[in-house]
Amino acid sequence: MARKFFVGGNWKCNGTAEEVKKIVNTLNEAQVPSQDVVEVVVSPPYVFLPLVKSTLRSDFYVAAQNCWVKKGGAYTGEVSAEMLVNLDIPWVILGHSERRAILKESNEFVGDKVAYALAQGLKVIACVGETLEEREAGSTMDVVAAQTKAIADRVSNWSNVVIAYEPVWAIGTGKVASPAQAQEVHDELRKWLAKNVSADVAATTRIIYGGSVNGGNCKELGGQADVDGFLVGGASLKPEFIDIIKAAEVKKSA
Ligand SMILES: O=C[C@H](O)COP(=O)(O)O
């Protein structure tokens with residue numbers, strides 16, 4: 001089964017209501033490949049989810065940037081998976097490296113979140129990736145495998161999971177992984193899934209790349225055999241996000 005190209009826009013902690021409306025207008029007016037070719041998901045901060053959900057074109061979807069690890073209750077400042085489901089938000093990003101590093105989310109905690117969110121009916125963009133120190137120490141695959149294993153230990157149905165490989169050293173730095181570097185890790189990760197989960201999950205799970213993707217580098221990255229799309233940060237706030245969505249065409253013509 002072919003893996004549909006996936007382009008996510010992670011707006012992170014950015015934007016005013018006016019700016020969000022502008023971005024949504026730009027997206028709504030854009031000519032992009034059809035839903036048969038590309039799945040587009042944008043992830044505004046929580047407070048703008050209802051605004052984006054109610055004004056965004058119907059062929060694009062929304063994602064939250066995080067959710068709580070279990071059922072809601074006395075957890076001040078958290079938002080539960082049930083609340084996202086209640087608002088009809090289909091996707092959630094979990095395990096982003098900014099949360100792993102700054103908020104000290106462990107592999108196990110992220111695994112628990114992924115399992116809980118899936119069990120509530122959300123689709124999950126699960127992020128993995130190594131730091132520069134870990135890459136230089138030659139432990140990229142160990143790190144990525146340990147992060148993925150914590151998810152695999154808790155999840156049996158992978159049909160609603162997209163894995164985002166985001167090398168930490170490439171996030172927001174302008175230092176994009178080369179197409180060969182991205183392909184190498186995606187290929188290894190797919191082999192890891194084949195060995196430790198199943199051949200079917202390895203063949204069907206989308207592995208997308210994130211880290212300084214822009215309108216200039218997206219086609220070459222997207223042309224790699226195991227790169228099934230992108231999770232875009234900074235460039236998803238700009239009109240060039242449209243060009244990144246259009247990079248899906250490289251797979252169609254491949
Ligand atoms: O979630 C997105 C990634 O953190 C990439 O961010 P970036 O495109 O600004 O490097």
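Order of listing sets the numbers, starting from 1, for every ligand and every atom in it.
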Fill in the blank from the handout: Counting from 1 in the order shown, the ligand 1 atoms closer than 4.0 Å to a non-hydrogen atom of Asn10 are 1 (O), 2 (C)
Exercise for the section: Just do the side-chain hydrogen bond (donor to acceptor under 3.5 Å, both in side chains) check on Glu130 and Tyr165 with the steps written out, would you? Expected result: CA-CA 9 Å; Glu130 82 290 358; Tyr165 168 60; 2.8 Å; yes
Practice task
Would you check whether Gly211 reaches within less than 4.0 Å of ligand 1, judged by its heavy atoms?
Solution key: yes
Problem - Working for salt bridge (charged side-chain N to carboxylate O under 4.0 Å, His left out), residues Asp243 and Lys238 - result: CA-CA 10 Å; Asp243 298 323; Lys238 302 177 190 163; over 6 Å; no
Handout entry: Protein heavy atom at shortest distance from atom 8 (O) of ligand 1
Key = Gly233 N, 2.9 Å
Practice task
Quick one: look at Ile171 and ligand 1, take heavy-atom pairs under 4.0 Å, and tell me if it's side chain, backbone, both or neither.
Solution key: both
Exercise for the section: Could you tell me if the ring centre of Trp11 sits under 6.0 Å from that of Phe241? Expected result: no
Practice task
Go through ligand 1 atom by atom and flag the ones less than 4.0 Å from a non-hydrogen atom of Gly234.
Solution key: 7 (P), 8 (O), 9 (O)
Practice task
Quick one: look up the protein heavy atom nearest atom 3 (C) of ligand 1 and list residue, atom name and how far away it is.
Solution key: Glu166 OE2, 3.0 Å
Handout entry: More than 12 heavy atoms from other groups under 6.0 Å of CD on Glu184
Key = no
Handout entry: atom 10 (O) of ligand 1 - nearest protein heavy atom and its distance
Key = Gly172 N, 2.6 Å
Practice task
Could you label the plane-to-plane angle of the His186 and Tyr209 rings as parallel, tilted or perpendicular, counting under 30° as parallel and over 60° as perpendicular?
Solution key: tilted
Practice task
Flag the pair Glu105 and Lys113 as a salt bridge only when some basic side-chain nitrogen lies within less than 4.0 angstrom of an acidic carboxylate oxygen.
Solution key: yes
Handout entry: Atoms of ligand 1 close to Ala170 [distance to a heavy atom under 4.0 angstrom, numbered from 1]
Key = 10 (O)
